[in-house]
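In what follows, residues are counted from 1 in the order of the sequence shown. Because only heavy atoms are used, hydrogens play no part in the values below, and waters and symmetry mates are left out as well, while side chains stay in.
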Amino acid sequence: MALEHAILVSLLEQPGSGYELARRFERSIGRFWTATHQQIYRVLKRMEGDGRLEVREVPQQDRPDKKVYSVTDTGRAELCDWLREPVEPESVRHELAVKIRGAAFGDPTRLIAEVERHRQLHADLLARYLAGERRDFPDPAALDPGAELQHVVLRGGIEYERMTIAWLDDVLATLDRISPHP
């Protein structure tokens, strides 16, 4: 996937400025596809230049005019073509997992604090996902197809965080079991 596709999806869900799009990446899309503000602005300019996006200037008081981007028919057609392309399973680089395996050659107790830190980060993210689910999807039976697809992706994130927390609990129990106790 290219950043362009993530931008097309986000702008089809709701047109917005570069700043608004960057905030969306920070809040939701960024867990699946990350981009810096500079990357987003650079790609927006390129996509506008090649006709995939159109921009509308919105006057603002006491601030420069805001550029609001939306997807053109050309952009929508590109996204539809991309949706038909197969996607290969992604390989995962997981530095913590390599460290856990490497603990066999050092002191496993030295990893406990790091694993606990990761567990807390995942627990915090899970709490944010669950709060967002309660806020954005209070009645799942009443969702339109677009919202239903957003919800199923969020549910995937929720289950991923639950699985990761369970795995980290298992790692902590293993580290405790194999670590020398005074």
Side-chain angles (χ1 to χ4, degrees), residues 1-94 118 120-164:
M1 174 172 77
L3 175 57
E4 288 87 348
H5 298 117
I7 288 174
L8 288 169
V9 168
S10 184
L11 291 176
L12 282 166
E13 289 175 348
Q14 181 178 344
S17 68
Y19 175 78
E20 292 163 342
L21 189 59
R23 296 282 298 149
R24 287 183 217 163
F25 269 74
E26 289 171 4
R27 285 193 324 268
S28 62
I29 295 171
R31 283 303 289 172
F32 307 103
W33 193 264
T34 59
T36 66
H37 286 232
Q38 285 181 326
Q39 289 172 312
I40 291 169
Y41 283 104
R42 194 170 36 248
V43 170
L44 285 171
K45 185 174 182 162
R46 184 173 63 241
M47 292 174 74
E48 178 190 359
D50 65 20
R52 292 180 282 173
L53 299 179
E54 60 188 11
V55 65
R56 180 175 48 93
E57 298 275 339
V58 177
Q60 300 186 105
Q61 283 189 320
D62 301 325
R63 286 190 277 174
D65 292 350
K66 177 167 75 168
K67 291 182 174 186
V68 175
Y69 294 89
S70 58
V71 179
T72 64
D73 290 341
T74 301
R76 185 181 287 270
E78 178 186 319
L79 183 67
C80 288
D81 289 343
W82 175 74
L83 290 173
R84 287 190 280 279
E85 294 175 10
V87 176
E88 293 301 318
E90 298 170 10
S91 60
V92 177
R93 291 178 53 176
H94 202 298
H118 278 256
Q120 187 59 54
L121 292 170
H122 285 281
D124 293 346
L125 185 55
L126 175 60
R128 285 199 314 270
Y129 282 174
L130 291 170
E133 182 181 40
R134 286 188 300 275
R135 179 191 66 234
D136 298 338
F137 306 103
D139 184 7
L143 298 177
D144 64 48
E148 197 165 337
L149 291 171
Q150 289 175 354
H151 191 210
V152 76
V153 170
L154 176 60
R155 289 193 316 265
I158 289 168
E159 291 307 313
Y160 175 82
E161 294 308 323
R162 285 179 173 152
M163 179 274 309
T164 301

Is a salt bridge present between Glu20 and Arg23, judged by a nitrogen-to-oxygen distance below 4.0 Å?
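No, Glu20 and Arg23 are not salt-bridged.
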Do other residues, nucleotides or ligands put more than 12 heavy atoms under 6.0 Å from the [atom1] atom of [X]?
| X | atom1 | value |
| --- | --- | --- |
| Arg155 | CZ | yes |
| Asp65 | CG | yes |
| Glu57 | CD | yes |
| Gln38 | CD | no |

Please identify each residue that fulfils salt bridge (Lys or Arg N to Asp or Glu O under 4.0 Å) with Lys45, with sequence neighbours left out.
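For Lys45 there are no salt bridge (Lys or Arg N to Asp or Glu O under 4.0 Å) partners, ignoring immediate neighbours.
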Could you report the tightest heavy-atom contact between [X] and [Y], atom names first, then the distance?
| X | Y | answer |
| --- | --- | --- |
| Leu3 | Ala35 | CD1-CB, 3.6 Å |
| Ala22 | Ile40 | CA-CD1, 3.7 Å |
| Gly16 | Leu11 | N-CD2, 3.6 Å |
| Arg24 | Pro15 | NH2-O, 3.2 Å |
| Tyr41 | Gly18 | OH-C, 3.3 Å |
| Leu79 | His5 | CD1-O, 4.2 Å |

Nearest 0.5 angstrom please: [X] [atom1] to [Y] [atom2], how far?
| X | Y | atom1 | atom2 | result |
| --- | --- | --- | --- | --- |
| Glu4 | Leu44 | CD | CG | 10.0 Å |
| Glu26 | Thr36 | CD | OG1 | 10.5 Å |
| Arg56 | Lys66 | CZ | NZ | 8.5 Å |
| Gln120 | His122 | CD | NE2 | 11.0 Å |
| Arg46 | Ile7 | CZ | CD1 | 8.5 Å |
| Leu125 | Ile158 | CG | CD1 | 9.5 Å |

Quick check: does any side chain N or O of [X] sit under 3.5 Å from a backbone N or O of [Y], one acting as donor and the other as acceptor?
| X | Y | answer |
| --- | --- | --- |
| Arg52 | Glu78 | no |
| Thr72 | Gly51 | yes |
| Thr164 | Tyr160 | yes |

Is the closest side-chain heavy-atom distance between [X] and [Y] below 4.5 Å?
| X | Y | result |
| --- | --- | --- |
| Arg162 | Leu130 | yes |
| Phe137 | Gln150 | yes |
| Val71 | Leu53 | yes |

